[in-house]
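Quick one: the structure is below, questions incoming.
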Amino acid sequence: MVPSSLDDSTFEQVLDQLVDVPRDARILVDARNTTWGSPYGLTALLTLAQTRLEKPQFLPPEKDDTSSYWNRANFFRYAEELYEIKGRVPPRGPERDSRTLLEITPVERSDDVHTVVEKIQPKTASILTNNLHLESRATMGFAMALSEACQNIVEHAGCGGWVAVQNYNYRRRMGRHVVQIAVCDAGVGIRQSLESGNRRPLTDRWDDGVALETAVIQGTSRFPDPGRGQGFKGIRGYLRKWKGKLAVRSGTARVADVPPWDDDIVRRDHMAPMQGTQLLIMIPEEVDR
Amino acid sequence: MTMAPHTIDVCAVLRSAVNQNYGNLLTRDTGMAVRHQIERELMSNREGGITALDFSSIGLMDYSCADEVVAKLLVLLQNDDIARGGYVLFRGIGEDHLELVESVLKHHGLALVCLCEDGNPRLIGRVSEAERRAWEMVRARGSAAPADLADEFGFGEDFVAEVLDGLSRRRLVRRGSGEFFALDAADVVQ
């Protein structure tokens, strides 16, 4: 059962229901009562299907406007390949949603990163300055953060993933506009990526949480090259400047750079397992200008 | 001691290296391809020449690409693997890119000379206070021998010579016979 409001936090409820379900068991993902999905929620649902050995079934949202929005966000375009859809999917119209900066887009190769950034570039400046009231220099860093986040898939996942970007009013926490970037993959995950390059630090404790801190906070990559691993440092620096949030989930753990407007937990361990790496970036509207 | 310059348009290199109409320096793969092409062009230059790397047509840039195109290139230059005793002056790095480039340079303990929009060269990256001071003094004069700077510097000639030597090894000033030259705008504007 998918919660009525699907975001990075409530997606955990979906995973919690799968803890004891073997990977080769066929599951039914029931989103009939879901009325809203964030970019993270939608990309994570696609990723979830990729983690299953047996193609799962999917019941789409019953509310027409929700289903229609998910369709415009490209969700069903890819969900139809990954799920057996049980129910009606509205036909995809020509119109785009004005809040969507980037519909769900697959990322597999470096070329895809160029395409994503170039596609989003014309709209980014206006959204960041007009909706979030950020200075124009925020635009360059936004592209950098998006590019580095997507490259995490290209460089480390070992398979393709998904990116989506949306501007919306984040009523639940702050009543302000935010831009959310979600980048999810069902790849090897951060712990295995570091292990593959013999980059596990010398420590008695080694788990997904330590691996996440090693990669995200300390900027260690599986490559010994000292220039590697700086992407997360760049993203974190950018988000600190604009009071943004970064959360990275991999395996059974999650770490976050939590800005003052949020009450998220900096590190969580022993979560329900999820293959790959799921990354969330949120940049809020500036109000103290 | 003005030397004939050679300019490499980084955007043109980008398009040629990846065979796409890109205007943004994004991704490590792209950066690697661009750097390899720049290396080939630098190696074909005559010995000891000055090359301007022109970034003015570049739109966006990310860390991974800057690490490949700027940092790794500088490491090769300092090791004199590619420039055959030559020098590289960066130009067209806009204010938007500067913060990112500076962060990459500091991570590696590197520095470069960048020709700013006002036409003045600027030293960016990681340098000691003495290096920055000596570089500024050479820049203001155009050229200087250690003895010329010792009084103003407030340290002995040997110390100044050591600092200038270090700057020339880092390809931030040009070494001549007995004196050091700034990498100047006059050397690249054509």
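Letters A, B, ... are given to chains in the order of the sequence lines, protein chains preceding strands, and every chain is numbered from 1.
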Q) Among A:Glu118, A:Gln121, A:Arg228, A:Arg137, which has the most heavy-atom pairs under 4.5 Å with chain B? A) A:Arg228

Q: I would like to know whether B:Glu99 and A:Met144 meet side chain to side chain contact (heavy atoms under 4.5 Å, CB included); could you show each step before the answer?
A: CA-CA 12 Å; B:Glu99 195 178 335; A:Met144 177 277 297; over 6 Å; no

Q: Taking all heavy atoms of B:Leu26 and all of A:His114, pick out the closest pair and write down the distance.
A: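 Smallest interatomic distance, heavy atoms only, reads O-NE2, 2.9 Å.
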
Q: Just give me the residue among B:Val18, B:Asp29, B:Leu60 that pairs up with chain A most often, heavy atom to heavy atom, under 4.5 Å.
A: B:Leu60

Q) Say you draw a straight line from OG of B:Ser64 to CD of A:Gln230; how long is it, rounded to the nearest 0.5 Å? A)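 So the gap between those two atoms works out to 9.0 Å.
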
Q. CD of B:Glu162: more than 12 outside heavy atoms within 6.0 angstrom?
A.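 Atom CD in B:Glu162 is not crowded, with 12 or fewer foreign heavy atoms closer than 6.0 Å.
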
Q) For A:Asp225, is it the side chain, the backbone, both or neither that has a heavy atom under 4.5 Å from a heavy atom of chain B? A) side chain

Q: Could you tell me whether a side-chain N or O of A:Glu148 sits under 3.5 Å from a main-chain N or O of B:Tyr63, the two making a donor and an acceptor?
A: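 Yes: the side chain of A:Glu148 pairs with the backbone of B:Tyr63.
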
Q: Would you indicate whether A:Arg77, at its atom CZ, is surrounded by more than 12 heavy atoms from other residues, nucleotides or ligands within a distance under 6.0 Å?
A: no

Q | B:His107 side chain to A:Pro226 backbone, donor-acceptor under 3.5 Å | A |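 Present.
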
Q.
Side chains of A:Gln151 and B:Asp62 only: does a donor on one sit below 3.5 Å from an acceptor on the other?
A.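 A donor-acceptor contact under 3.5 Å links the two side chains.
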
Q) OH/B:Tyr22 to OG1/A:Thr115 distance, rounded to the nearest 0.5 angstrom? A)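 The OG1 atom of A:Thr115 is 5.0 Å from OH of B:Tyr22, to the nearest 0.5 Å.
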
Q: Over all heavy atoms of both residues, which pair between A:Ser147 and B:Thr27 is shortest? Give the atoms and the distance, please.
A: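 Distance-wise, the nearest heavy atoms are OG-N, 4.3 Å.
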
Q. So with a 6.0 Å cut-off around CD of B:Glu102, is the heavy-atom count from everything else above 12?
A. yes

Q: Under 4.5 Å, counting heavy-atom pairs only, tell me which of B:Glu95, B:Met61, B:Gln20, B:Arg28 racks up the most with chain A.
A: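 Sorted descending by pairs with chain A, the first entry is B:Arg28.
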
